[in-house]
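What follows is one structure encoded as structure tokens, with my remarks underneath.
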There are 2 protein chains.
Amino acid sequence: MTDRPPRFGLLLFPNITQLDLTGPYEVLARVPGAEMHLLWKDTDPVRSDTGLRILPTTALADCPDLDLLLVPGGSGVQELLADETVLAFLRSQARTVRYLVGVCTGSLVLGAAGLLKGRRAGTHWASRQFLAAFGAVPTDSRVVVDGTLFTGGGVTAGIDVALAIVAELFGEDHAKLIQLSIEYDPQPPFNAGSPVGAGEDLTARLLERMGPMLAARSAAVRAAAARLNAAQD
Amino acid sequence: MTDRPPRFGLLLFPNITQLDLTGPYEVLARVPGAEMHLLWKDTDPVRSDTGLRILPTTALADCPDLDLLLVPGGSGVQELLADETVLAFLRSQARTVRYLVGVCTGSLVLGAAGLLKGRRAGTHWASRQFLAAFGAVPTDSRVVVDGTLFTGGGVTAGIDVALAIVAELFGEDHAKLIQLSIEYDPQPPFNAGSPVGAGEDLTARLLERMGPMLAARSAAVRAAAARLNAAQD
């Protein structure tokens, strides 16, 4: 890190899954001196896919050079995959940022920006099949590290990803102090956080409920991959 | 539950630890049809103790009857312990609400409202010693259930608490579907989420850093307990 305080940017967009952002935010903001930026096109309140409204701090056009840029996921990802303003912002920041991070389906947005080619990457289990369209190597680990690219599984994996990044940037003791301060000693009441644990029946029920969203996502991924490939031919 | 959609209220206050709220929010908002209320004195943006700004949806004075009322924690708890408007709101809602929930140091606020007398309750490990002042029976479990009172350990425990509540209200399959949708299959990079796991040295370092805050909290708890006892004499 440089001498100035660490500067962390998190993309905040309509229909974000807010815990994809708020989980890592809580970890990263506890780094002493951290400067946090919640980034969107303007600074009006942004509504999550479950209705929570959060205020951005910094417009994309005003974003300073960052040490880390994190892209969360959510159903709003379908729009981002076709949003040239956002994709151009990600490409531009990727040239100078030290760490690039995708949480949940935020990884797909990094893919649409052309930033996952040949890189190992993770995403939410129900969207993992979409990574290959962007030239990524799909990986089913909860935290996937490929050089300075950190990606993770769905939603709550962002907490694990953020702790891994703090450990890499500042050392294990810093990460452990933050883990202790947020009492992150998880005890899920059920073993149902992955398709293997939840079993075939529950997984099928959830996929059926997610069906229309996943169909829209599939179409958006195909279109984004076609544009990316055309631009790079 | 009644025939109408389930109605969940979460208190949102200045210097809240935002993940105390946003973790359970993500779980509860995924209950089909859930009506979510973020409650504060007015509906202006509220700033968390790490600077995240969230918009309340509902002023305390306009709050409808709730099925569940959840109080998160954070350094702003010190102010709440002396805030008669908030404490009166909690007492009033407690008479009709089906489930009362304290996450992290939110439990202390329930205590100051006189709602923990003789009840088993949990809170953040570093504040557990404050529970007895309010007549609660301090409990070191991550999720503590005493009848319709659910309390939990620090910050991230709110996710476990919320899943336990969904299971109780709607059945295990509902909770498991939500757990799978947020891929809550946690894999913390370290065993440092509790004082036992983190060890004496790291725990002492964190407690030293938290010292001034804990001293202020101790004074606020003593004053709140004195007021509560005087009112009930």
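Lettering follows sequence order; numbering is per chain, from 1.
- The CG atom of B:Leu180 sits 13.0 Å away from atom CZ of A:Phe190, with the distance rounded to the nearest 0.5 Å.
- Atoms OG1 and CD1, from A:Thr156 and B:Ile159 in turn, are 6.5 Å apart once rounded to the nearest 0.5 Å.
- Each of B:Ala164, B:Gly153, B:Pro186 has some count of heavy-atom pairs under 4.5 Å with chain A, and the biggest count is that of B:Pro186.
- Within the 3.5 Å criterion, the main-chain N or O of A:Thr22 finds no donor-acceptor partner in the side chain of B:Thr22.
- The shortest side-chain heavy-atom distance between B:Thr17 and A:Arg30 falls under the 4.5 Å cut-off.
- Not one N or O on the side chain of A:Thr50 forms a donor-acceptor pair closer than 3.5 Å with the backbone of B:Ala29.
- Residues B:Ser194 and A:Glu183 have side chains not in contact (no heavy-atom distance under 4.5 Å, counting atoms from C-beta outward).
- A:Tyr25 contributes a side-chain N or O that, together with a main-chain N or O of B:Leu52, makes up a donor-acceptor pair within less than 3.5 Å.
- Taking the side chain as every heavy atom from C-beta outward, A:Gln187 and B:Val143 never approach each other to under 4.5 Å.
- Ranked by heavy-atom pairs under 4.5 Å with chain A, the first of B:Asp49, B:Leu21, B:Ile178, B:Leu177 is B:Leu177.
- Listed for the A:Gln179 side chain is no donor-acceptor partner under 3.5 Å among the backbone atoms of B:Asn191.
- Summarising the local packing, CD of B:Gln129 is surrounded by more than 12 heavy atoms from other residues, nucleotides or ligands at distances under 6.0 Å.
- Ranked by heavy-atom pairs under 4.5 Å with chain A, the list B:Ile182, B:Leu163, B:Ile54, B:Leu55 is led by B:Ile182.
- Open room surrounds CG on B:Asp201; 12 or fewer heavy atoms of other groups in view lie less than 6.0 Å from it.
- You'll find the side chain of A:Val27 stays beyond 4.5 Å of the side chain of B:Leu19, heavy atoms only.
- Among B:Pro195, B:Ala198, B:Ser181, B:Gly23, the residue making the largest number of heavy-atom pairs under 4.5 Å with chain A is B:Ser181.
- With chain A as partner, the option from B:Asp20, B:Leu38, B:Asp173 having the largest number of non-hydrogen pairs under 4.5 angstrom is B:Asp173.
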